[in-house]
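One structure, pasted below without further comment.
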Protein chains: 2
Amino acid sequence: MLSYLEFGMPSMKDKITRVAIELFHQKGYFATSVSEIAGQCGIQKASIYYHYASKENILFHIQKVTMDELTGYLRGNLDGRDDIEARMRAAVHSHVRFHLHRQKETFIANSELRGLTAAHYREIVAKRDEYEQIFQQIIREGCETGVFVPVDVKILSYAILTLCNAGAIWYNPEGRMAVDAIADIYETFVLRGLQKGQFPGITPKPGC
Amino acid sequence: MLSYLEFGMPSMKDKITRVAIELFHQKGYFATSVSEIAGQCGIQKASIYYHYASKENILFHIQKVTMDELTGYLRGNLDGRDDIEARMRAAVHSHVRFHLHRQKETFIANSELRGLTAAHYREIVAKRDEYEQIFQQIIREGCETGVFVPVDVKILSYAILTLCNAGAIWYNPEGRMAVDAIADIYETFVLRGLQKGQFPGITPKPGC
DNA sequence: CGAATCCTACCTACCGGACGGTAGGCAGTG
DNA sequence: CACTGCCTACCGTCCGGTAGGTAGGATTCG
């Protein structure tokens, strides 16, 4: 879970990356200057370029690592689960947990795509597509086997992912709510929205 | 629905605003220069400052108008509806419709808050809070009257609003899907997630 | 009525400053 | 003596914003 932090003495490159994550999250990529990153690392601006070829490369590195770890985490959480409902629950839970624990990186990955060069943009979008495919496959299977109501897979997958991102925006690590409690709320809401078991269009009587 | 466009000859200020919306949406606020806006309006950079006091003022104006119209649209759509389920459906529908029709402005309003001065930031956040309150009130009433399952009102309201924003990111006005069809999908999903009528935690047998 | 004045809506030219990035040097380590 | 990891000093560019001017239509006033 803790990347950018190696054992032993953390390298300056790691420090730069961590500071960049902090600043990009706080002020945005374009509003953050290289001198500012350097300043908070206690080094000069030019020294940044010893570790990274360009400002854009810092952004790209953050996004790449984050996307790889996000997908890896999901695969790990799905591993060994066969039941479709269990897989969907695990997927939502994994997504939310990662977004709460890695709040800043995922925020950057979601909102700073425009700072990337065309080539790097394509690379990140490809990783994102790969991640979405996993969700879409689960939803599709759920619909086909009749566990879920029939839905537009693409629209719903995107809706669910976006919905689960919401937590990362307001989540406060020092706040009252535990990560798993929040993940449970999203999990319940999503599953309720997907599962059969009620009659769509017909309002149940209050108190029923 | 069509603001920034007066009858008769549209003013240069309107043109600046429309061009700014286009560019802020396309490249982001910080990545857009005043000269660029001017260029696409066919005037010089300095002339922009005849119509707007600063670049930030353009952003603020866009956000303010958008938020006011968003809230006005919601109020209009809720007007006269008493039934809680109908109100929730109307609210979701209104939110989605507005975000699809005013894709670019709402995107800016959601993602470019950091470009605002502190005072303007507070003003926009206040408007946003006011809008969210309307949703929260509906959810709260639904829970209290037993129409909806008991939920964490704040978390769910935020989740629902974020989820409905998803459409505006991928929506293509020239695409295959009609605005109302998309709104219906979100409406159904949200209502299904909120309403009573299934037994949470118990998986219904496939085919049931 | 015509002359003087004002206002609108733009222009050219410029400012200080910050930005991303580079060149080249230097201290410490192996 | 080479390499690592940093430094100082500097570059050209572009930015938001300002100063000051001007064409021309509307308004005011002797």
Side-chain angles (χ1 to χ4, degrees), chain A residues 4-6 8-63 108 112-121, chain B residues 4-6 8-63 108 112-121:
Chain A
Y4 311 129
L5 208 153
E6 287 166 13
M9 196 186 71
S11 72
M12 182 56 80
K13 181 163 184 174
D14 290 337
K15 188 166 188 179
I16 292 169
T17 315
R18 280 203 306 276
V19 167
I21 288 170
E22 209 64 40
L23 289 173
F24 291 168
H25 173 251
Q26 204 177 102
K27 328 177 42 179
Y29 172 70
F30 286 106
T32 301
S33 70
V34 176
S35 342
E36 215 170 345
I37 298 171
Q40 294 209 10
C41 290
I43 57 173
Q44 291 301 308
K45 186 178 67 168
S47 306
I48 296 280
Y49 290 88
Y50 175 78
H51 299 283
Y52 279 107
S54 69
K55 184 187 174 188
E56 188 266 352
N57 258 320
I58 305 178
L59 178 65
F60 174 60
H61 179 249
I62 294 169
Q63 297 213 19
I108 293 166
E112 299 289 6
L113 281 167
R114 282 183 303 210
L116 298 170
T117 61
H120 286 162
Y121 176 84
Chain B
Y4 312 130
L5 208 154
E6 287 168 11
M9 198 184 70
S11 72
M12 181 57 78
K13 181 163 183 175
D14 291 338
K15 188 166 188 178
I16 292 169
T17 315
R18 280 202 306 278
V19 167
I21 289 171
E22 209 64 39
L23 289 174
F24 290 169
H25 174 251
Q26 206 177 100
K27 326 177 44 179
Y29 172 71
F30 286 107
T32 302
S33 72
V34 176
S35 341
E36 214 169 347
I37 298 171
Q40 294 209 10
C41 289
I43 58 173
Q44 290 301 310
K45 185 177 69 168
S47 306
I48 295 281
Y49 291 89
Y50 176 77
H51 299 284
Y52 279 106
S54 68
K55 184 188 175 189
E56 187 266 352
N57 258 317
I58 305 179
L59 178 65
F60 175 59
H61 180 248
I62 293 169
Q63 297 213 19
I108 294 166
E112 299 290 5
L113 280 167
R114 284 184 299 210
L116 298 170
T117 61
H120 286 163
Y121 176 85

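Letters A, B, ... mirror the listed sequences (proteins, then strands); counts begin at 1.
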Covered region of DNA chain C, 5' end to 3' end, by chain A [heavy atoms, under 4.0 Å] |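 First and last nucleotides in contact are dC19(C) to dA23(C).
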
Terminal helix-axis angle for the helix from dC1(C)-dG30(D) to dG30(C)-dC1(D), with five pairs defining each axis and rounding to 10 degrees =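 Angle reported: 20°, given to the nearest ten degrees.
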
Quick one: closest heavy-atom pair of Ser47(B) and Ile43(B), and the distance?
->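 That closest heavy-atom pairing would be CB-CD1, 3.8 Å.
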
Can you tell me the distance, in whole Å, between the OH atom of Tyr52(A) and the C1' atom of dC6(D)?
->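 The answer, rounded to whole Å, is 17 Å.
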
Taking atom types as modelled, is there a side-chain donor on Asp14(B) or Thr17(B) under 3.5 Å from an acceptor on the other?
-> no

Considering non-hydrogen atoms only, spot the tightest contact between Gln26(B) and Arg114(A) and give its length.
->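 The pair with the smallest heavy-atom distance is O-CD, 3.4 Å.
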
Closest approach of Leu23(A) to Gln40(A) (non-hydrogen atoms, all atoms of both residues) |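 Closest heavy-atom pair between Leu23(A) and Gln40(A): CD2-NE2, 3.6 Å.
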
Within the pair Ser47(A) and dC7(D), is there a side-chain N or O less than 4.0 Å away from OP1 or OP2?
->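 Indeed, a polar side-chain atom of Ser47(A) lies that close.
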
List for me each residue that meets side-chain contact (heavy atoms from CB on, under 4.5 Å) alongside Phe60(B), sequence neighbours excluded, and say none if there are none.
-> Glu56(B), Asn57(B), Lys64(B), Leu116(B), His120(B), Glu123(B), Ile124(B)

Qualifying residues under salt bridge (charged side-chain N to carboxylate O under 4.0 Å, His left out), relative to Glu22(A), sequence neighbours excluded = Lys104(A)

Rounded to whole angstrom units, what separation is found between the CD1 atom of Ile16(A) and the C1' atom of dC6(D)?
-> 11 Å

How would you list, by chain and number, every residue that makes a salt bridge (charged side-chain N to carboxylate O under 4.0 Å, His left out) with Glu36(B), sequence neighbours excluded?
->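 For Glu36(B) the salt bridge (charged side-chain N to carboxylate O under 4.0 Å, His left out) partners, ignoring immediate neighbours, are Lys27(B).
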
Under-4.0 Å side-chain N/O to phosphate OP1/OP2 contact, His51(A) with dC6(D) =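 Answer is yes, contact under 4.0 Å.
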
Within residues 33-52 of chain B or reaching into it, pairs that qualify as ring pair (Phe, Tyr, Trp, His ring centres under 6.0 Å) - sequence neighbours excluded = Tyr52(B)-His61(B)

Applying salt bridge (charged side-chain N to carboxylate O under 4.0 Å, His left out), which residue pairs with at least one partner in residues 37-54 of chain B are found, sequence neighbours left out?
->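 Matches after skipping sequence neighbours: none remain.
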
Using a cutoff of under 3.5 Å, can you pull out all pairs of nitrogen or oxygen atoms linking the protein to nucleotides 12-16 of chain D, with atom names and distances?
residue: dG16(D); atom: OP1; partner: Thr32(B); partner atom: O; Å: 3.4
residue: dG16(D); atom: OP1; partner: Lys55(B); partner atom: NZ; Å: 2.9
residue: dG16(D); atom: OP2; partner: Val34(B); partner atom: N; Å: 2.9
residue: dG16(D); atom: N7; partner: Lys45(B); partner atom: NZ; Å: 2.8
residue: dG16(D); atom: O6; partner: Lys45(B); partner atom: NZ; Å: 3.3

Which residue pairs pass the ring pair (Phe, Tyr, Trp, His ring centres under 6.0 Å) test when at least one of the two sits in residues 14-33 of chain A, sequence neighbours left out?
-> Phe24(A)-Tyr29(A), His25(A)-Phe107(A)

